[in-house]
Amino acid sequence: MDNSSPILSTSTVLLLLVAFYGFTLYMAMRIRRRKENADAYMTAGNGVGFGIAAASMTATWIWASSMYASATSGYTYGISGPIHYGLWGAFMILFIYPFGRRIRQVAPKAHTLAEVMRARHGSSSQLLLAGSNVVGSLISLMSNLVAGGALIALFSPLSFVQGVLAVATGVLLYTFWSGFRASALTDFMQVMVMMLLVGIIIPIIFFSAGFPSAFETGAGNLTAEQSNFFSSEAFMHQGAPYIAAVLAYAIGNQTIAQRLFAVREDLIKPTFITATIGYAGMVIGVGMIGVLALYLGMEPLDGDSNNIIPQMAADYLPTVLVALFLIMIIGALSSTADSDLSALSSIVMADIYGQNIASRGKARPKVMLFVGRVTMIVATTAAVVLAGLQLDILDMLVFVGALWGALVFPVIASFYWEKITNLSFVVAVLSALAVFIPVRFDWVPLEITLFAFTIDVLAAVGVGVVLGLMAFGFFGLRAGKITGVLATLLTLPFALGSLHEYTVLSASLVAYSVSTLIVLAMCLRNNRSFDFSTVQQRVGNFDDDDAAQDEKPGIEPVGAPAGAAGKEK
Amino acid sequence: METLLMTIYVLMWPVVVLGVFAVLLRGFLNDWRQARREGHDII
């Protein structure tokens, strides 16, 4: 594959895009109703079945970068590389399901996690979560448009900008009218296409490229670390930082929370388990293409590791399958882009208009729908402009990731612990962010032993927080505490003197530990308590009872619109 | 032996994916049948 000869003609790519987005739009239009409903636009009435919910959760978790990054990990770190990307990402879906059940129990009719934080604490906590999601979803949307534009430009004579515009228009068209319902239903179709193609394409590339015998002839292309399934280098540079980052994403991101609020409550467990296995199979499977490329000694075009998958597809697939491969990636990025649009519109509808602009209890569903649709248009336009400018978004992405990392413990604690307050929530998150930034960007003079020592200790506590939360989710408070303390103590001897050298990892861990320690310090002696049963009285449907009843048979409307800030008693 | 293990290691993921494909398809069809029976949209 080279730059001068596009594999597919302009007309072929246009035909594929029209067919893909046309069929998706057709599906979306079939669920459009004459009678609009703001709650359905955000969470589809909280009663989505297993098939669509699990497919949508899988599709949302997989974006174009998941596939490229997994293959890059395989190419860079060898045979364990895709595991250190895909397996940990998958486990995080599994990890959040116990918390998801608790969140639904506390706020069964919520639309956003930020909305629940307002009912639990107040508007400052809500806006921290909502603000981080607006920035995060916009970045994600832009990244997916960039990936789509780059792929179309690589495979056809169309330019990058034309590719970005094509993807943006396609996604906006089918998501615009029905919001989350369109996003979830089309996610199902997209993920089914993606899964079928992954099931077909990987074995074809495998045998076309001369495997399994290439495992013997190409073994010399791998270093000792790359050949080692238990490579510590792969874990420390890829696996561990990814665990820390993706945990923050799972808890903080509205696209996941939205699906959590949409799925029928009794189906949360099978939905999350199926999405875990589906994500692992897809992402690790595609990552194996990077491992195969490494064995073959392939050099990525222009030195860009994002070209590994397209190159392997172009070199070892027949043209028909290359065209279908293009659709697979377009499907992956579209499913995440439509989730971002739905998430953004829900946040602006529920958190900004519904609770902060409309007077208390006076949010009008029709205005909300209008606000949601305008948000989608504005967000898509902004993402296209940002994609066209090709800005360096790494710093912004790091910042949002850190904010979500800092939010993990305060958010989870807010659903279980009566003592946590709004002030401790905000102070903990902002303090964690203030410590994270200098660590992440190497502003801390690590040659001073005290600083390096402090970071190592905090990072070890961060390991304890992550593992303690995982144990707490599945086995309860006692197991969580024991695991947290043991993990910290066992990590300390290895952390001291070395963990600060892994900047990405230690910065994320420090964000977890600082926010946790501050919440504990500020609230352990707090005598106030909180009645969790009040949350569901404050967070409910926005549509009036009749409309809600008419739109969602079998589901009792809560009646009271969200709008009241929480009060600790 | 190592070649066989690597082959299994690489090709097991598409098999997993196709298994999940079947589970999701069955789940969707069940949802669809139930929605039709109860006279409402699938979503």
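Computed over heavy atoms, backbone and side chain alike; hydrogens, waters and symmetry mates excluded. The sequence lines fix the lettering, A, B, ..., with proteins before strands; numbering per chain opens at 1.
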Is it the backbone or the side chain of A:Ile79 that comes under 4.5 Å from a heavy atom of chain B, or both, or neither?
both

Close side-chain approach of B:Trp13 to A:Met282, heavy-atom, < 4.5 Å:
no

Heavy-atom distances under 4.5 Å only: say whether B:Leu24 touches chain A with side chain, backbone, both or neither.
both

Side chain to side chain contact (heavy atoms under 4.5 Å, CB included) partners for A:Ala69, two or more places apart:
A:Tyr85

Between A:Val283 and chain B, with a heavy-atom cut-off of 4.5 Å, which part of the residue counts as in contact: side chain, backbone, both or neither?
neither

Contacting moiety of B:Gln34, where chain A heavy atoms sit under 4.5 Å
side chain

Kindly check if the number of other-residue, nucleotide or ligand heavy atoms within 6.0 Å of CD (A:Glu225) is above 12?
yes

With chain A, which of B:Leu18, B:Val16, B:Thr7 has the greatest number of heavy-atom pairs at distances under 4.5 Å?
B:Thr7

Show the nearest heavy-atom pair for residues B:Val17 and A:Met195, with the distance to one decimal.
CG1-O, 3.3 Å

Separation of A:Ser227 OG from B:Met6 CE (nearest 0.5 Å)
9.0 Å

Do you know which of A:Phe211, A:Phe215, A:Phe229 makes ring-ring contact (aromatic ring centres under 6.0 Å, His included) with B:Tyr9?
A:Phe229

Do the non-hydrogen side-chain atoms of A:Val193 and B:Phe21 ever get within less than 4.5 Å of each other?
no

Set out, in order, the CA-CA distance, both residues' side-chain angles and the distance that settles side-chain contact (heavy atoms from CB on, under 4.5 Å) for B:Asp31 and A:Phe188, then state yes or no.
CA-CA 12 Å; B:Asp31 293 346; A:Phe188 172 78; over 6 Å; no

Most heavy-atom pairs under 4.5 Å with chain B, out of A:Ala53, A:Ala55, A:Ala214, belong to A:Ala55

Would the number of heavy atoms belonging to other residues, nucleotides or ligands and lying under 6.0 Å from CZ of A:Phe207 be above 12?
yes

Rounded to the nearest 0.5 Å, the CD1 atom of A:Ile52 sits from the CD1 atom of B:Ile43 at a distance of 4.5 Å

Using a 4.5 Å heavy-atom cutoff, which residues in residues 196-205 of chain A come close to chain B?
A:Leu196, A:Val198, A:Gly199, A:Ile202, A:Pro203

Selection from B:Leu4, B:Asn30, B:Val15, B:Val20 maximising heavy-atom pairs under 4.5 Å formed with chain A:
B:Val20

Under 4.5 Å to a heavy atom of chain A? For B:Leu25 that would be both

